[in-house]
Amino acid sequence: MLAIALAVFLYFRLDDEAQRLCEAALNRHCEPFVARVGAARFTPGKGVTMYNVEIVERLQWRPPRGVVQIDELQVHGQFDIGTLLRGAPVVSRIVAKSPRLAVTRRENGTWNLTDLKLKCDPTAPLPRVELHNATVLLANEAADGQSLGVNHLNATFDPVADGSRLFNITISARDTLTKSLEVRGTAAADGSGFRVEYQADGLQSTPALTATLADFGLAPRTTIPLQGVVSLKGEASRSG
């Protein structure tokens, strides 16, 4: 009976410790943003599953602003008690289920996520990252709460095998702003640059949507009203 009671105690105590360690690890990687983890479950040798993960942006004179919310975040890899306590597990795959990402364009034209400086060990292998059924909401401080959302988005970030610290990116969405959206390309693991090609089919264009995209800096501003179903194709890039 004592052994059963001790096993139950250790089970819940280990999960409490996993929650604390996961939250601390996220905060080390997400500065200057603040991460919170509602709960975590540790499976020796397999990984950690975190629940109710939230990353917020601290603002002057205003309450913190939510940036990322994830119902369930799975981190797979070679985990044991020692590597978990040292904060150095070998991660092979990360799966975010139903993540919600809120990206804000500030009044000065910069995006809040540009402040996020991910800290990664340059010698550690890159994990595969998957986003399942994500929602992305763009907000504009300069336009009184103007927003634009993309739902039902799925994405994979696969490490390039040549050791270049790049990800191959594949992003798709269906029945949201467009009938279909496809994005493919590469991005640096440290966020310093990217190059992607995109195609959007079945976009229901209206003068209001065209103006909104221009306000976000995502399309050129035009005096010619665009209305109807259109398709877009192009590429975008940024270098560090």
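As a basis for the values below, the full set of heavy atoms in this structure was taken, side chains included, without hydrogen atoms, waters or symmetry mates.
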Working note: R93 + E130, criterion side-chain contact (heavy atoms from CB on, under 4.5 Å); need CA distance, chi angles, decisive distance, verdict. CA-CA 8 Å; R93 182 171 172 241; E130 303 173 18; 2.8 Å; yes
Could you walk me through whether E23 and R36 satisfy the salt bridge (Lys or Arg N to Asp or Glu O under 4.0 Å) test, starting with their C-alpha distance in whole Å, then the side-chain angles of each, then the deciding distance to 0.1 Å, before giving a yes or no? CA-CA 6 Å; E23 188 167 277; R36 300 166 183 154; over 6 Å; no
Start with the C-alpha gap between V75 and M50, add the side-chain angles, then the distance that decides, and say whether side-chain contact (heavy atoms from CB on, under 4.5 Å) holds. CA-CA 8 Å; V75 182; M50 291 172 261; 3.5 Å; yes
Notebook entry, point to check: Yes or no on side-chain contact (heavy atoms from CB on, under 4.5 Å) for T156 and R128, after CA distance, side-chain angles and deciding distance?
Noted result: CA-CA 7 Å; T156 58; R128 173 184 168 94; 3.5 Å; yes
Quiz item: Yes or no on side-chain contact (heavy atoms from CB on, under 4.5 Å) for N133 and H152, after CA distance, side-chain angles and deciding distance?
Solution: CA-CA 5 Å; N133 193 31; H152 314 305; 3.6 Å; yes
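Contact annotation: the side chain of T49 approaches that of E72 to within less than 4.5 Å [non-hydrogen atoms, C-beta and beyond]. Considering only heavy atoms from C-beta on, V56 stays 4.5 Å or farther from V67 through its side chain. Put simply, the side chain of T186 does not reach to within 4.5 Å of the side chain of F194, judged on heavy atoms. The side-chain heavy atoms of R105 and L138, taken from C-beta on, include no pair separated by under 4.5 Å.
The structure places CG of D158 at 10.5 Å from CD1 of I169, a figure rounded to the nearest 0.5 Å. Atom CD of Q74 sits about 11.0 Å away from atom CD1 of I94, to the nearest 0.5 Å. To the nearest 0.5 Å, atoms CG (L153) and CG (L131) are separated by 7.0 Å.
Using a distance-only test at 3.5 Å, with no hydrogens or angles considered, no donor-acceptor pair links the side chain of D201 to the main chain of S180. Counting only distance, with no hydrogens or angles, the side chain of N168 and the backbone of V160 share no donor-acceptor pair below 3.5 Å. Using a distance-only test at 3.5 Å, with no hydrogens or angles considered, no donor-acceptor pair links the side chain of E182 to the main chain of A200. Between the N151 side chain and the T135 main chain, no donor and acceptor come within less than 3.5 Å of each other. Put simply, the side chain of R184 never gets that close to the backbone of V196: no donor and acceptor are under 3.5 Å apart.
Counting all heavy atoms, side chain and backbone alike, R165 lies closest to L126 at NH2-CD2, 3.4 Å. The nearest pair of heavy atoms linking A35 to N27 is N-OD1, 2.8 Å. Residues A39 and Q19 approach most closely at CA-CG, 3.9 Å, considering heavy atoms. In this structure, N112 and R106 approach most closely via the heavy-atom pair CA-NH2, 3.4 Å. When all heavy atoms of C22 and A40 are compared, the closest pair comes out as SG-CB, 4.4 Å. Considering all non-hydrogen atoms of both residues, R58 and P32 come closest at NH2-O, 3.1 Å.
Tracing side-chain contacts under 4.5 Å through hydrophobic residues (I, L, V, M, F, W, Y), one reaches I55 starting from W111; they form part of the same cluster. Side-chain heavy atoms closer than 4.5 Å link hydrophobic residues (I, L, V, M, F, W, Y) into clusters, and following such links, possibly through other members, connects I70 to V103. Linking ILVMFWY side-chain heavy atoms closer than 4.5 Å, directly or via other members, places V34 and L73 in two distinct hydrophobic clusters. A single hydrophobic cluster is seen to contain both L101 and V129, as judged by linkage of ILVMFWY side chains at heavy-atom distances under 4.5 Å, directly or through other members. There is no path of hydrophobic side-chain contacts, each under 4.5 Å, that joins L26 to V95.
Side-chain contact, Q199 with E197: no donor N or O sits under 3.5 Å from an acceptor N or O.
When the shell of 6.0 Å around CZ of R65 is examined, it contains more than 12 heavy atoms from other residues, nucleotides or ligands.
Taking a cutoff of 4.0 Å between a charged side-chain nitrogen and a carboxylate oxygen, E54 and R100 do not qualify as a salt bridge. K97 has no carboxylate O lying under 4.0 Å from a charged side-chain N of D71, or vice versa, which leaves the two without a salt bridge. Between R195 and E235, at least one side-chain N (NZ, or NE/NH1/NH2) sits under 4.0 Å from a carboxylate O, which counts as a salt bridge.
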